[in-house]
Amino acid sequence: MNERTDTPEYRYDSAFANTIEEKWQDRWEQDGTYFAPNPSGKLADQTGRIEAPKLFIMDMFPYPSGSGLHVGHPLGFIGTDVFARYKRMTGYNVLHTMGYDAFGLPAEEHARQTGQHPRDNTNANISNMRNQLRRLGLGHDSRRSVSTTDLEFYKWTQWIFLQLFNSWYDPTVDKARPISDLESLLSNGDIKLDDESNWDSLTPAQQRETINSYRLAYLAEAPVNWCPALGTVLANEEVTAEGRSERGNHPVFRRPLKQWMMRITAYADRLLQDLEILDWSEAIKTMQRNWIGKSEGAEITFKTEETEFKVFTTRPDTLFGATYMVLAPEHPLLGEIVADVWPDQTPERWKNGMPTPLEAVQNYQKISSQKSDLDRQENKTKTGVFVGEFATVPVNGKKIPIFISDYVLMGYGTGAIMAVPGQDERDWEFAQEYDLEIIRTVQPPEGWDGDAFTGDGPAINSQFLDGLNITDAKERMIEWLEETENGTRNTTYKLRDWLFSRQRYWGEPFPIVYDDEDLPVAVPENYLPVELPDLMDWAPRSLDETSDPEPPLGRASDWVYAELDIGDGMKTYKRELNTMPQWAGSCWYYLRYLDPTNDEQFVSKDVEDYWMNGETGGVDLYVGGVEHAVLHLLYSRFWHKALFDLGHVSTPEPFHRLYNQGYIQAATYQDSRGIFVEASEVVEENGDFTYQNEVVTRSFGKMGKSLKNSVTPDEMYDQFGADTLRLYEMFMGPLDQDRPWETKSVVGSLRLLQRVWRNLVNEETGALQIVDKETPLELKRILHQTIHSVREDMENLRFNTAIARITELNNEITKSNTETPREVADVLIHLIAPLVPHVAEELWEMLGNDSSIVYSPFPVPDPTYLVSETVEIPIQINGKLKSKITVPSDLSSSDLRNAALADEKIASIISDTEIKKEIIVDGKLVNFVI
RNA sequence: GCCCGGGUGGCGGAAUUGGCAGACGCGGGGGAUUCAAAAUCCCCUUCUCUUCGGGGAGUGCGGGUUCAAGUCCCGCCCCGGGCACCA
C-alpha cells in the first residue's frame, strides 16, 4: 500500500492501527487488566471482581513450535479471547490464560534438527510465541502462564504421578483408594490372593510385588510399540493403523519390554458413562466410545482332551452354531493344545503342507509374526492352520476342530474365539476357505441371499433358544452358562492400559528409584522435584528393531544414583531412567493455571473449588482442534477422575464444555511436476493460475511450510493491523468450520473498521463527530435489535453473524450522514470491543472515559425498541410470493386477510377466481390457495 | 465396510418452531466526487427469458408429506473426518 499524499491524516489505516495496538498492549500489561482474582492466596482479589460469577475459558495447550505462527494457529485463541472479553463485559470473573506444553517428542525432535539443547531451544520458542500472541491483543492473565518444563510445574506432575503410584482401584466401591488401604485389606484377608495363599506366608519382597501389581501406576512386562527411529516406545494411541509412529511416520515393532503403565482400563466404564454429562459434540463422544470399545457378552469355557480355554463372545446366543474354534497365533495355551500327529481324515487343506501339527503351527506363527499390521489388512484372504485337536461345545457336546489364524488378535478378549460362520462374516470367509460346516442359528429374512446373517431374527437350530430374538436368546444362554458353570457374563474393552514411559531426554523424570531388590520405590515428596539433569549428549541413538531402548538419562552418570532417606536412613538408590510422555503435563495443566504460584500444593482446595466447581462442573469452555479427540482428552479425564477419587479435585470431569474449532486452509499450487510452488507468487488470470508464467494447479490444504502457503500474522499486522486480522478470522465463517484463507478478502474487515472510525471521528481533523442529541426512533430500533442479536450470537460463539449485524448497524449510521448521537457511539464501541479491543479502547478513551472498556458493561437491549409498530407481510398465491404489504404489527387475522385481498396485485390475480383455502399467520404471512 | 460431519450465487458464508432463499463480506458492474486517479459515498449483482410491465427455474440427485420444504420423511450420489478382522 503506497502512501498517498492526500490520504486524510486521521484515517484508520495499518500504520495507525499498529500504533494504537502497541499502546494498548503496553497499557494492559502495566495495569494488569486481565488479572483474574482468586478467592485466596497470592493471587487474591484487590478489585472486587471475585464477587462476580466465575468463568474458566481455555484453549488447548499449544506446544511452542520453532517455526513460528501462521494465521491458522490463532483462530481458536482469538475465538476464546472474544468470548472471554464478551463475558467480562457481561459481569463475569473470567479466567483466561495460555501455557506451553513444552516437553515431549515435538519439542525434542525440533531441538534435534536444530542441534540446540532442548531447554534453550524450548525457552527461545516460548518467548517467541509469547511475543507473537501478545501482538494479537489476547486478554490473558500473564501471571498464570505456565510451561510444563518449569521446575515448579513438573514438580507437581511428579507429585501427581506419586498419587497414582500410591493408589489402587477398588472395584467394590468403584474408585481409587490409597495403597495403604490395600495393605490392610490384604493382610487381614479381606482381599484374597489369586493363588489362595496366605499373605503372611509371603516374603516382604513378594508382598511388595503383589501390592505393586495393584497400583494405578505400575511396571509391567508387556508387548509394546517399539519405534527404533525415535529411539523410544510409544502408546497405542500414538501408533497409526498402518503400524507407524503418528509423529514422523516411522516403522513401529511390537515387542515385550518392561515399562511403566497407567491403569486407565480401571476407569473404562466411568470414562464411558460420564460422557453423558458432558457438553461435547457427538462426534468426539463417539470417537471416545469407539476407543474405549465396550462389548458386553459372555466368556465361555471350552474343554479339550488335555486342557480348557476361554473365549469371549458378544453373541452367546449363537453357541449352537459354533462349528470350529480359532486361537490367536500367539496364544499361550497352544503348547498344551497342539496334537503330536494329524488326526485321521484331516483334510490336506488344513495341514498347510506340514507333516505334523506342531510344525504347521510353528510355521504359521513364524509367517504371521513377520507380517506387519498393514500386510494383515491388505491381504484379506483368511489363512490359518489346524492344530490337530478338538474342543467340545458345552451346550451340545459336539466336537469341533481348533485352528490358529491371525484374524484372531491376542490383544483382545481372550485371544480365542468360537467361530460361528452362520452369523459372522469373518468366520464365514474362513469357513469357506477351509470347507467348514455352517449352521445358521438366526432365521434370515425371506429372500436373504447373503452369506453370514448378522441381523436380528428368531433363533433356529438352537433347542431351548428357538424362536427367541437375539436379545432374549443371549440372556437365556447366559443364564444357562452360569447355571451349568460353563461360562459367565462378561464385558471387555478395547481400551488398553496406557504405556507411560519413554526412552527420551526431554520429559519429566519419574519420581521413582530402585532399591537392592530392584523394586520401585517412590521418591518422598520432600525430595521433589526430581530435576532433569543437564545433559550434553541428550539425543536418542538411532537404533534398529532388535536393539534395546537406551534411555538418554543413563548417560548422566552422576545423576543415575541418588542418596535418599526414604524412612530407614540414607541409602543409595538407582534412579528410574525413563521419562514421562508428552501427555503427562497436559493431563493437569488447567489445574495449575488456577494457582500457579502455590508452592505448598499443586492447587489449593478453595481456589480449585472456586474455579472448577461452578454451575457446570469443570472448565466452562475448552476450545481446541479435533485431533485431540482421544489422546489428550482421554488421558486427562482419567487423571482427573483419579484425583477426584483421592479427594484432590471437586468435580468428576475436567472439561464441561468442549468446542472444536475448524482449521484455516489455504490454496496451494503445484507445477506440472507436482512440486509445490510459493503460493504468494501465483497469479490468477481468467480463472487460470500461473507461477512464473507457467500454469499451475490449485488445491486446498492445511497451511504450512511444506505446502508453501503460509501467511504469517506479522504480514497481516503490516498490511492491516491486529484488530483487522482478528475481525477477519472471526468473520470468515462459523468457528467450528474449516475455511480457506484469502488474503485479498481481509480488506473487507479493514473497511468495516475504517467506516466505524469515520462515523465517530473526523478523518481530516481527528476530532470526534459525536453529538449529544436524541437518537432518531428508527435508528434506535435498529440499535436495540442489533444489541439483541449480537448478545445472542456472542453467547453461541457465532461471531461471524455478530459481525454481520454490527456491519448492518454501522451501514445505517453511515447512511444517516450526520454526526453520530453519543448513545449510538457508546453502543457501537461496546459491541465491537470484544472483537477489536484496541480500536475500541482508543475510541472509548477519546470519548472521555479514563477507565478501560474491558470491564464496561455490555449494552442491554431495551425491549420497547425490539418490537416495531409495523411489519411487512409477504402474500403468497399457492405458496409463491406475489406481493408484500406493510401493516400494523398487531393487526387481527381478519383485518390482515382483508388488507391482503385489497392489495392491487393480489386483487388482480384473484379477481374472479375462487379461493379454495387461506392460511393467515398473524404477523408472519398470508397464503391464498386458488 | 461401519460411524460421524457436510453439499446453498463467481467465492467465504446467512436463513428460531417448516413461513419472503441468498443477510454480511469478497469479487464484478455502474454512477457521484475528482483536471485525472486513488480513497470515499451511492446503486446493481442466483440463473434465465423479457415487448422492461414482468414471467420461469432454483439450496447435490430422485421421490414423498404439507397451504408452504434449504429445513421433515424415504431412496441414492458426491466431499471431508474418524474407526477398521475388536469376536
Report the nucleotide, chosen from [options], that has the shortest atom-to-atom distance to any side-chain atom of [X].
X: A:T801; options: B:rC67, B:rA15, B:rA87; answer: B:rA15
X: A:V747; options: B:rU40, B:rC26, B:rC67; answer: B:rC26
X: A:R751; options: B:rU40, B:rG19, B:rG13; answer: B:rU40
X: A:L409; options: B:rC24, B:rU40, B:rA87; answer: B:rA87
X: A:V921; options: B:rA14, B:rG25, B:rG19; answer: B:rG19
X: A:F731; options: B:rA87, B:rG12, B:rG82; answer: B:rG12
X: A:N811; options: B:rG82, B:rC67, B:rC24; answer: B:rC24
X: A:K815; options: B:rG19, B:rC42, B:rC24; answer: B:rC42
X: A:R11; options: B:rC20, B:rU40, B:rA23; answer: B:rU40
X: A:L881; options: B:rC67, B:rA87, B:rA21; answer: B:rA21

Rounded off to whole Å, could you give me the [atom1]-to-[atom2] distance for the [X] and [N] pair?
X: A:L925; N: B:rU66; atom1: CG; atom2: C1'; answer: 14 Å
X: A:L327; N: B:rC85; atom1: CG; atom2: C1'; answer: 16 Å
X: A:M732; N: B:rC26; atom1: CE; atom2: P; answer: 14 Å
X: A:K917; N: B:rC67; atom1: NZ; atom2: P; answer: 4 Å
X: A:E812; N: B:rC41; atom1: CD; atom2: P; answer: 14 Å
X: A:D736; N: B:rG80; atom1: CG; atom2: P; answer: 19 Å
X: A:N290; N: B:rC85; atom1: CG; atom2: P; answer: 13 Å
X: A:I664; N: B:rG80; atom1: CD1; atom2: C1'; answer: 17 Å

What is the nucleic acid contact for [X], judged by heavy atoms within less than 4.0 Å: base, sugar-phosphate only, or nothing?
X: A:E763; value: nothing
X: A:R805; value: base
X: A:D427; value: nothing
X: A:E808; value: sugar-phosphate

Syn versus anti for B:rG25, judged by chi lying within 90° of 0?
->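 Because its glycosidic torsion lies more than 90° from 0, B:rG25 adopts the anti conformation.
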For B:rG28, does the glycosidic angle fall within 90° of 0 (syn) or outside that (anti)?
->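 B:rG28: anti glycosidic orientation.
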[N] OP1/OP2 closer than 4.0 Å to side-chain N/O of [X]:
X: A:K880; N: B:rA57; answer: yes
X: A:K924; N: B:rG19; answer: no
X: A:Q876; N: B:rC20; answer: no
X: A:R755; N: B:rC24; answer: no
X: A:S745; N: B:rC11; answer: no
X: A:N660; N: B:rG81; answer: no
X: A:R798; N: B:rA14; answer: no

Look at the side chain of A:K382 against the base of B:rC85 and say whether a donor-acceptor pair falls under 3.5 Å; ignore hydrogens and angles.
->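 For A:K382, whose side chain was compared with the base of B:rC85, there is a donor-acceptor pair (under 3.5 Å).
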N/O donor-acceptor pair, side chain A:K744 with base B:rC26, under 3.5 angstrom =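 No, the side chain and the base share no sub-3.5 Å donor-acceptor pair.
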Which heavy atom of [X] sits nearest to which heavy atom of [Y], and what is that distance?
X: A:L75; Y: A:L735; value: O-CD1, 4.1 Å
X: A:L831; Y: A:L835; value: O-CD1, 4.3 Å
X: A:M325; Y: A:I400; value: SD-CD1, 3.5 Å

Do the rings of A:Y12 and A:W757 sit parallel, tilted or perpendicular, given the 30° and 60° boundaries?
->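 Geometry flag for A:W757 against A:Y12: tilted rings.
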Would you please classify the geometry between the A:Y324 ring and the A:F430 ring as parallel, tilted or perpendicular, with 30° and 60° separating the classes?
->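 If you compare the ring of A:F430 with that of A:Y324, the planes turn out parallel.
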Taking atom [atom1] in both [N] and [M], compute the distance separating them and give it to the nearest angstrom.
N: B:rG5; M: B:rG25; atom1: P; value: 32 Å
N: B:rG63; M: B:rG70; atom1: P; value: 15 Å
N: B:rC76; M: B:rG10; atom1: P; value: 30 Å
N: B:rG22; M: B:rG6; atom1: P; value: 23 Å
N: B:rC67; M: B:rG18; atom1: C1'; value: 12 Å
N: B:rU8; M: B:rG13; atom1: P; value: 9 Å
N: B:rG30; M: B:rC72; atom1: P; value: 42 Å
N: B:rA21; M: B:rA38; atom1: P; value: 38 Å

Using both distances under 3.5 Å as the test, list the Watson-Crick or G-U wobble partner of [N], or none.
N: B:rU65; result: none
N: B:rG18; result: none
N: B:rC41; result: B:rG31
N: B:rC2; result: B:rG82

Of A:K905 and A:N878, whose closest RNA chain B nucleotide lies nearer the 5' terminus?
->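 In this pair, the answer is A:K905.
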Between A:G748 and A:Y412, who's closer to the 5' end of RNA chain B by nearest nucleotide?
->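 Checking each residue's closest nucleotide, the 5'-ward one belongs to A:G748.
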Honestly, is A:K494 close enough over A:Y412, meaning NZ or CZ under 6.0 Å from the six-membered ring centre and within 45° of the axis?
->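 Relative to the ring axis of A:Y412, which defines the angle, A:K494 lies outside at least one limit.
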Given salt bridge (charged side-chain N to carboxylate O under 4.0 Å, His left out), test A:E276 with A:R289 step by step and report yes or no.
-> CA-CA 11 Å; A:E276 303 301 326; A:R289 285 190 194 109; 3.6 Å; yes
With the side chain counted from C-beta on, respond yes when A:V71 and A:M716 share a heavy-atom pair under 4.5 Å apart, and no when they do not.
->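 A side-chain contact exists here, since the closest heavy-atom pair is under 4.5 Å.
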Are the ring centres of A:Y728 and A:W741 closer than 6.0 Å?
->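 Yes, close enough.
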Member of A:V871, A:L901, A:V926 meeting the side-chain contact (heavy atoms from CB on, under 4.5 Å) criterion with A:L896 =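 Going through the options one by one, the only one that passes is A:V926.
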